[in-house]
Amino acid sequence: MPRLDIGKWIDSGITWLRENLDWLFDFIAKVVDGMYEGVHDVLSAPEPLLFAGILAVIAWWLRGLVAGVVAFAGFALIDSIQQWDEAMETLSLVLVAGFITIVMAVPLGIWAARSRTVSTMLRPVLDFMQTMPAFVYLIPGIFFFGVGVVPGAIATIVFAMPPSVRMTELGIRQVDEELVEAAEAFGTSPRRTLVRVQLPLALPTIMAGVNQAIMLALSMVVISGMVGGGGLGSSVFEAISSVDVALGFEGGLAVVILAMYLDRMTGALGERVSPLGRRAIAKRNAAASGLKVLQWRPATSLATVGVVVLALVAGGMNVFGEDEKGPEVTADVGKGRSLNIGYINWDEGVASTYLWKEVLEQRGFKPKVQSYEVGALYTGMAAGDIDVQTNSWLPVTHESYWKNYRDKLDDLGSWYGPTSLEVAVPSYVKGVKTLEDLKGKGGTFKGKIIGIEPGAGEMKLMKDKVLPGYGLDKEYKLVSGSTAGMLSQLERSYAKQEPVAVTLWSPHWAYSKYDLTKLKDTKGAFGSGDRLHMLARKGFAQKEPQVAEWMKGFKLDEKQLTTLEQAIQDAGKGNQQQGVRAWLEKNPGMIDKIAPVAGAEAKGKQAGAAPRIGYFPWDEDIATTYLWKNVLERRGYKPSIKQYDVGSMFTGMAAGQIDVEFDGWLPVAQKQYWDKYKHNLVDIGAWYDKTSLELAVPSYVKDVKSLADLKGKGDRFKGKIVGIEPGTGQMKLLRDKVLPAYGLDGEYEVTSAGSPAMLAELERSYKKREPIIAVLWTPHWAYSKYELTKLADPKKAFGENNEIRSLGHKSFPKKYPEFYGWLKEWHMTEKELAGLEASIQDAGKGKIEEGVQKWMDAHPGIVDKMAPVK
């Protein structure tokens, strides 16, 4: 048979509707969005437990005391797992969609019950609506209304309407015809017969349809989270995208609690409003036995009073309780309190002390600085006459003073020091504390010390001095490779509690992730050096906890310290403060980095603006989106961020539902989307280049170095290439060009379960040392976690490298000119991006903002660099 292009006809029809009825869709969107915002404002305003109390009173009124207690416990649980705001968004959308559904469905059901023709015409339409996969409704919803709440609500209405229409029709048709005839015989009009006879008797069946509509609405609202519908749907979608079991379970549990509450309450409400239901309740109450208090339900008037009282209390708390988060923190933290700072008249002591003098003065303190001889400085601090000093050389130079006074001093930590090179072993390796202890234990470590890049200075030092110096050069082989390889071997050995010796250096995050022993260099083969510590008198941290906290986090690198010293030298004698201020002008943001205070940062010209930012569940996009969220908030903006898939992102951005995104892989990976929507978008510019698309295999898979090497090896990889999201440009490129170019399209199948699933499969195969081919790209943290081989692409089938570009809606430059200007000048290096991604990975699931903040703390002035404000 010839092919019927039904899909194209439907697509053409939808396009025609969009082009000719755009005004109608805009009107519908405004109405639905307005209803949602109104309901959400009401539901989200009260304190969670107060609103849980209101819902519990309603449950008590409808179903009894036990139901009220269980309802309160359920909503309290939602609050305790930090899903309250999402649950209220979901409940708001369910109520709006359910209300509209009922308003439309009940009249249709009545019409169908009174007209066989209408019933016959409606039946196939309802069959279509009820059996069409729920996901399909999102497609026209996005096309007509963009992304966000509205398409989710519209799709929910369409999906939830059929049962309500059917049950309404069924309920009215089931009314005894003799009763209807009797009413008509007494001269009752058809309308009064419907209102006074048919509807009351059909009400239980109609309410059952309402119950089903609300349940279907709840299920669809969760699906709508995929298109930016928010609420618990976004939590579940995010959990699926990132394979986050904890978040998925918590979001799902909140959905279950909402579903159970709505189901039980609508069912009980059906009994309350139906005459037959009220009689059934009365019979049950009369026949009930046991504790009367469990059976008693408050009268409607009493329940109403309870709800009103709780609502008034909640409203009062909302009005008068806005300052509950604590007093507003300003730059005037010190309130004029004095501090005594002592210093040794050495360049670094002068520089760091006068820097802190400037910092503390800008934070409202009145610091007094004084130079002392070393012995006098330590003595004065031990006596409590000096609060703090910045220039303690430990552990070597000031060792004798520290030993004498350590019981009367507090070490606030080191803030500067040359890095140290070392060999480290896990702490579970006993009897190995120094480099000398390695001798004779080659068998324990399989005769290997795991090194890093062969050209690194530490590797040369190891070969030329350290190993010969301790007589280890004949017993151990220094394995060269890469830093990522060394860390990967450390992780594997540590997980199996196997002995391993690796080359490391300080500072390094490996010491915080693993319990390691730095092997002492008793012969000084690596060289040695002090670190500069911040010391305070005993009790200082209790008296000035904020200052102590700032000082504990204080860090300067070599370049920063030497340029600060030079600025003070250039200012001349007696002008230390002027030198510090000149240095601060060249290092914007340092004050906020050293002594962070909420609200102290300079505000942008468009402070208060609320740009809508979309992002994909990809590491570089998550990292940069949350970085910009932090930066914008410090500049006084109120950004909102939401996760989307690629197609929804471009569709929503083209429709103006999303203002900007930072992960446009162009000109290759996302070319199909750019070509389709570029007339409604603006290319803000590239912030990262030298990306690549590739296939990768673990390094233990031998004789596979290029894509051509895959041919004929399908059985080894089970004929499978593990892919990512099916809608990505890379997947399309892989199927359309790469596999055919190398003759692999008949030998391999590409799976498309998503990036998290690909990474999970890679991790499982890697642990079992099984062959696997994964779709990957650069930059990606997987290359630092695993030893992988990027398969060479000699035929250039993947095409030219991409740049990562910021893209926005065409109105973005005029709507947010300041933000637009920042993005035009924004760039990140590979090291910066990799460090940001690693910081987020180290922070763990659900702690993205903590990881971003830690990275920003390590990059002082980043806010001023990314978003300069004059």
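Numbering of residues begins at 1 and proceeds along the displayed sequence. Hydrogens, waters and symmetry mates play no part in the numbers below; they use all other heavy atoms, side chains included.
- Taking the six-membered ring for Trp and the full ring otherwise, Tyr261 and Phe75 have centroids separated by under 6.0 Å.
- Here the CG atom belonging to Asn211 is positioned 11.0 Å from the CE atom belonging to Met265, to the nearest 0.5 angstrom.
- Here the side chain of Arg173 pairs a donor or acceptor atom with the backbone of Ala112 at under 3.5 angstrom.
- Here the side chains of Ile100 and Met35 are in contact, with some heavy-atom distance below 4.5 Å.
- The closest side-chain heavy-atom distance from Tyr615 to Ile622 is below 4.5 Å.
- Using a 4.5 Å heavy-atom cutoff, the side chains of Pro163 and Leu216 are in contact.
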Run the side-chain hydrogen bond (donor to acceptor under 3.5 Å, both in side chains) check on Thr131 and Asp127 step by step: do they pass?
CA-CA 6 Å; Thr131 56; Asp127 290 340; over 6 Å; no
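- Arg114 places no side-chain N or O within donor-acceptor distance of the main-chain N or O of Ile172, the cut-off being under 3.5 Å.
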Assess the residue pair Thr625 and Gln643 against the criterion (side chain to side chain contact (heavy atoms under 4.5 Å, CB included)); give the C-alpha distance rounded to whole Å, side-chain angles, the decisive distance to 0.1 Å, and a yes or no.
CA-CA 10 Å; Thr625 298; Gln643 178 180 309; over 6 Å; no
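- Other residues, nucleotides and ligands place no more than 12 heavy atoms under 6.0 Å from the CD atom of Gln82.
- Here the CZ atom belonging to Phe25 is positioned 9.5 Å from the CD1 atom belonging to Ile154, to the nearest 0.5 angstrom.
- Residues Met856 and Arg634 are in side-chain contact: their nearest non-hydrogen atoms beyond the backbone lie under 4.5 Å apart.
- One side chain, Glu818 or Tyr637, offers a donor N or O that lies under 3.5 Å from an acceptor on the other.
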Run Ser164 and Gln212 through side-chain hydrogen bond (donor to acceptor under 3.5 Å, both in side chains) and show every step you take.
CA-CA 7 Å; Ser164 188; Gln212 289 302 303; over 6 Å; no
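- Here Phe812 and Tyr816 bring their ring centres to under 6.0 angstrom of each other.
- A donor-acceptor pair under 3.5 Å is absent between the side-chain atoms of Glu47 and the main chain of Leu49, judged by distance alone.
- Contact annotation: the side chain of Arg612 never approaches that of Ile641 to less than 4.5 Å [non-hydrogen atoms, C-beta and beyond].
- The closest side-chain donor-acceptor pair between Glu661 and Ser806, if any, does not fall under 3.5 angstrom.
- Tyr820 has its side chain out of reach of Lys815: every pair of non-hydrogen atoms, C-beta onward, lies at least 4.5 Å apart.
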One pair to check against side chain to side chain contact (heavy atoms under 4.5 Å, CB included): Glu850 and Gln853. What are the steps and the verdict?
CA-CA 5 Å; Glu850 288 90 333; Gln853 185 60 58; 5.7 Å; no
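- Side-chain contact between Val660 and Leu807 is absent, with no heavy-atom pair separated by less than 4.5 Å.
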Please evaluate residues Met129 and Met161 with respect to the criterion side chain to side chain contact (heavy atoms under 4.5 Å, CB included), reporting the C-alpha separation (whole Å), side-chain torsions for both, the decisive distance (0.1 Å), and the verdict.
CA-CA 8 Å; Met129 294 168 64; Met161 188 179 294; 4.1 Å; yes
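- Proximity of Ile613 to Ser640: side-chain heavy atoms (C-beta onward) are nowhere separated by under 4.5 Å.
- Nearest heavy-atom pair across Thr168 and Ile110 is CG2-N, 3.8 Å.
- Under the 30°/60° scheme for interplanar angles, the aromatic rings of Phe662 and Phe819 are found to stand perpendicular.
- In terms of modelled atom types and a separation under 3.5 Å, the side chain of Asp659 and the main chain of Pro611 share no donor-acceptor contact.
- Closest approach of Val149 and Leu93 over heavy atoms only: CG1-CD1, 3.5 Å.
- Residues satisfying the salt bridge (charged side-chain N to carboxylate O under 4.0 Å, His left out) test with Asp263, not counting sequence neighbours, are none.
- By the 6.0 Å contact criterion, CZ on Phe99 is open, its count of non-hydrogen atoms from other residues, nucleotides or ligands being 12 or less.
- Of all the heavy atoms in Leu681 and Met653, the pair that sits closest is CD2-CG, 3.7 Å.
- Considering all non-hydrogen atoms of both residues, Ala654 and Asn680 come closest at O-CB, 3.5 Å.
- In plain terms, the two heavy atoms of Met167 and Thr205 that are nearest each other are O-CG2, 3.3 Å.
- Of the inter-residue distances, the one linking Met260 atom CE with Leu218 atom CG reads 12.5 Å to the nearest 0.5 angstrom.
- For the atom pair CG of Leu43 and CE of Met88, the computed distance is 6.5 Å after rounding to the nearest 0.5 Å.
- Remark: side-chain polar atoms of Arg635 are not paired, donor with acceptor, to backbone N or O of Ala607 under 3.5 angstrom.
- In this structure, Lys629 pairs ionically with Glu849, as a charged nitrogen and a carboxylate oxygen lie closer than 4.0 Å.
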Between Asp645 and Phe616, is the side chain to side chain contact (heavy atoms under 4.5 Å, CB included) condition met? List the steps.
CA-CA 6 Å; Asp645 62 67; Phe616 308 130; over 6 Å; no
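- A donor-acceptor contact shorter than 3.5 Å is absent between the side chain of Ser648 and the backbone of Tyr644.
- Distance check: Ile214 CD1 to Thr156 OG1 gives 12.5 Å after rounding to the nearest 0.5 Å.
- Between Trp84 and Pro48, the closest heavy-atom pair is CH2-O, 3.4 Å.
- Annotation: the span from Ile81 atom CD1 to Ile257 atom CD1 amounts to 6.0 Å, rounded to 0.5 Å.
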